[in-house]
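Only one structure is covered here, and it is reproduced in the block below.
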Amino acid sequence: MMDNKMIVEGSLENYEDGCAVKGVKFLGRLPYYRGLGLSMVEDIQVAIDGQQVPREDVRFQVRGKTYTLDEMETVYDDRWNFGEKATIIALKDGGFGEGTHTVEFGVRMRVSYLPFVPTTKDTKELALAA
Amino acid sequence: MMDNKMIVEGSLENYEDGCAVKGVKFLGRLPYYRGLGLSMVEDIQVAIDGQQVPREDVRFQVRGKTYTLDEMETVYDDRWNFGEKATIIALKDGGFGEGTHTVEFGVRMRVSYLPFVPTTKDTKELALAA
Amino acid sequence: MTMAIKRGVSLYSYQNETFQGKMDLEDCIRTSAELGANGIEIIGEQTFWGWPEVGVEDEAIENWHSLIQKYDCTPVSHDFMLDYKRYKGRMMPHDEQVASVKRDIDFGARLGMKFIRALVSIDPQVLVDAAPYAEEKDIKILVEVHAPLHFDHPWIVRHAEAYEKSGSDALGFLPDMGMFLHAFPPVWKEKFLRMGVRQDIADYIEKAYEDRVLSEYVILNVREMGGEGPAIGMAETMRHNAAFEPKRMLDYMPRIHNIHGKFYQMNEDYVEPSIPYDEIVSVLKQGGYDGYICSEYEGNRWVEDAMEPDSVEQVRRQQVMLARLLGETETPALKTAA
Amino acid sequence: MTMAIKRGVSLYSYQNETFQGKMDLEDCIRTSAELGANGIEIIGEQTFWGWPEVGVEDEAIENWHSLIQKYDCTPVSHDFMLDYKRYKGRMMPHDEQVASVKRDIDFGARLGMKFIRALVSIDPQVLVDAAPYAEEKDIKILVEVHAPLHFDHPWIVRHAEAYEKSGSDALGFLPDMGMFLHAFPPVWKEKFLRMGVRQDIADYIEKAYEDRVLSEYVILNVREMGGEGPAIGMAETMRHNAAFEPKRMLDYMPRIHNIHGKFYQMNEDYVEPSIPYDEIVSVLKQGGYDGYICSEYEGNRWVEDAMEPDSVEQVRRQQVMLARLLGETETPALKTAA
Ligand SMILES: [Mn+2]
Ligand SMILES: [Mn+2]
């Protein structure tokens, strides 16, 4: 559900540290009818132009707090709220280049009452905001 | 069911045409609690000492009638009865040699009320009757 | 109150022995009669070679009747199969299915049966169309309600609606007690252990069954425990079996005319550890059931890899249990040495 | 006879709009109230950011109560989740689950709810242990009976037995009408067609559903027709949905306190083509049900790939249907332009 609303249109920007480009970031929403505690967001998969971003180079940012995917596994006091636009960061020194990119965004959720662990994906062409 | 009773112990013999050895034969039973019309015996798999016998070299013989596996597909007036010892023939010019052989015998049955098409197998070491 | 519920045996129970020629038809009938189980049910295609493709000689039918008479038994049901997948790649046409059922009605009549048992996957319209012929032959066609189906499953409800609409009394139900599987059968667990399932996984599945956990959760949990192959197979049995409630038979009792006393094992204390026969018999009494309960031993396939099944002893034990539950004064026993 | 059954809406129905910020809490409550559906049900973790891990400020609770008052509505149920898999690789301990339920009881009380909805996979003992606390707070915990479960499924029977044994009136059931899926929903079929399922396979599955064919047979037949991927997925929906009978609610009516009016689509003729609401409402009347039926629109996930769902229009149509079935004189209508 909400597959095609995971990636927020027009939200792709360079991720800068000072004035050095350290990757890209975009706004992403959890494809689920309720929010979920961060410890149950098992994986966030990002690929830029078909290139899978390694797990350790993905960051998840909400309300000023930034987490690695491994850190999230034991976060029991924060959550990804329903419809909340989190900032998803894909680190790569020098960034991914100018212009339009194909962004693939997948989220795997451990939902207690489901007899399977679903991964939901969205893919969009996003122009890098100048 | 009846997996370990499919191959009849001590029934392995050379299959001769005149006095030329044309393969081997043994007695085999259908692993099922009832008999089955021959059109529903989808496959009879025989391997001798690990060597799969080609489908076209397998013969099925009951009450004096001999069928190829393909012929059985449209036989609607005969059946492999419950517990009936059919003669299973594996053709091979010159036979499979003397002594003890590993006989693998599998039967695939199209059973109308089952939501799958089972194959049941039996493997036995049989000494070639002199 | 005359003892309404009678005891019988489906010769299916002796399949391990008859398959190997260790028992013949007379052995089966005599053994059942000695146990006071005079109702005889058969799988037609098991007991009579040739049926249906080749046909059965009169001589075999006469032998059947002479044995029935000799041991003072009662023919109860010819369980027929109707192979609607007889033709590879195409379904047997409706009219041909109806004709096939009529041939099984004739065969049941030749054998003096009251009922013929249809398998649950048959299209109800086939049975409705065959019902008038069954009435002519004074035979009832009973659909076997068998796990995973149960009396509240839409497929069974559809059959029940079709029978009511047909207005025929020749259509009914034959519930198989395996539908009320209240515990994971120990002989199943032991076989899966022999097939290599880890002890902790087998214990988890047995407990999950006792807790009535939905099959889909059990299958996921077993995978997460590292279970594969036979372990997944053991969990998947829960898709095809569940602990439905015997009292759900009461709504359908007027159309229930025979009972399959399915059992996987009878322990030395005359108890079937996974099927609540005390509850079952009390529900049948409450519903005024006055037919047969026919032993249907199916444990052989679960133990034959490890030991030679003793079907006669298993049937004896179930008949002792049934006699006790039915309030009979005498304890069933075999005359001759087992 | 005073109109016992009342109409409500679970704000779950507006998830497509609230997810995108097209509707806020006031829009949801106002829209429902205009339709005469004054019972408001929520998924706590959908409507209130922060719940439960971060917590919810009093301000948000006060806003809720002001809106409830402003539109003369009644808080009905806080549907809670209890994530017993919160810790990766290990199950949340029993006592911690009970404590978690108590926190949701408190949250439900803060919101003025009568009920909190537990998901069906919860261990019944957790609810039994939380029941005394619920009684203190004058709240009932209702387990949602949701497809593939139904009132005759052993898991639900186990819950029912645990509630009777506990002697507590604070434990009950909340049946989801999706349990009575009497036809394959057209929006499901259309989505599977868009996913590439062959027309003949999709038609076969729809017809097999109508014929109540057992899921395992349908899955095999679809494979034999060359079906893969989404075609198998379409067939496998039959493992999780079936046409169970609304009248099976009658045995449990004393413990049924809320109803999820699940629906996948309402056509222009105010009919839900796959769920028999006429039968459902008559059974509820027959059982003397006097609670709410809360619209629970779940069609968005089946159409959103092809069009922007219009949840408000779908809810409006269902409320018109419900009002008609409940014998109300006025037809629900939106005051402002939709
Ligand atoms: Mn049976
Ligand atoms: Mn619901």
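Reminder, nothing fancy here: chain letters follow the sequence lines and each chain counts from 1. All values below were derived from every heavy atom in this structure, side-chain atoms included, with hydrogens, water molecules and symmetry-related copies excluded. All values derive from a computational prediction rather than experimental measurement.
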- Query: Looking at Glu304(D) and Lys5(A), does any basic side-chain N land under 4.0 Å from a carboxylate oxygen?
  - Reply: yes
Worksheet item: With a 4.0 Å cut-off, would you call Glu71(A) and Arg59(A) a salt bridge?
Response: no
Honestly, the part of Asp83(D) sitting under 4.5 Å from a heavy atom of chain A is both
If one checks every heavy atom of Asn4(A) against chain D at 4.5 Å, the contacting part turns out to be side chain
Ranking Gly50(D), Pro52(D), Ser121(D) by heavy-atom pairs under 4.5 Å to chain A gives rank one to Gly50(D)
When the 4.5 angstrom heavy-atom criterion is applied to Leu30(A) and chain D, the contacting part is backbone
Open item on the list: Check this for me: does any side-chain nitrogen of one of Asp57(A) and Lys92(A) sit under 4.0 Å from a carboxylate oxygen of the other?
Closed with: no
If one checks every heavy atom of Thr47(D) against chain A at 4.5 Å, the contacting part turns out to be neither
Which is it for Glu104(A) and Lys121(A) under the salt bridge (Lys or Arg N to Asp or Glu O under 4.0 Å) test, yes or no, and what are the steps along the way? CA-CA 7 Å; Glu104(A) 290 169 66; Lys121(A) 291 187 175 161; over 6 Å; no
In terms of heavy-atom pairs under 4.5 Å with chain D, the winner among Val111(A), Asn81(A), Leu38(A) is Asn81(A)
Okay, Trp51(D) and chain A: the region with an atom under 4.5 Å from a heavy atom over there is backbone
Scored by heavy-atom pairs under 4.5 Å with chain A, the best of Phe48(D), Tyr84(D), Phe19(D) is Phe19(D)
| query | Are the charged groups of Asp3(A) and Arg301(D) less than 4.0 angstrom apart, N to O? | reply | no
Are Glu84(A) and Arg29(A) within salt-bridge range, i.e. N to O under 4.0 Å? no
Honestly, the part of Tyr87(D) sitting under 4.5 Å from a heavy atom of chain A is both
Next item on the list: Specify whether Phe80(D) and His78(D) have parallel, tilted or perpendicular ring planes, treating 30° as the upper limit for parallel and 60° as the lower limit for perpendicular.
Entry: tilted
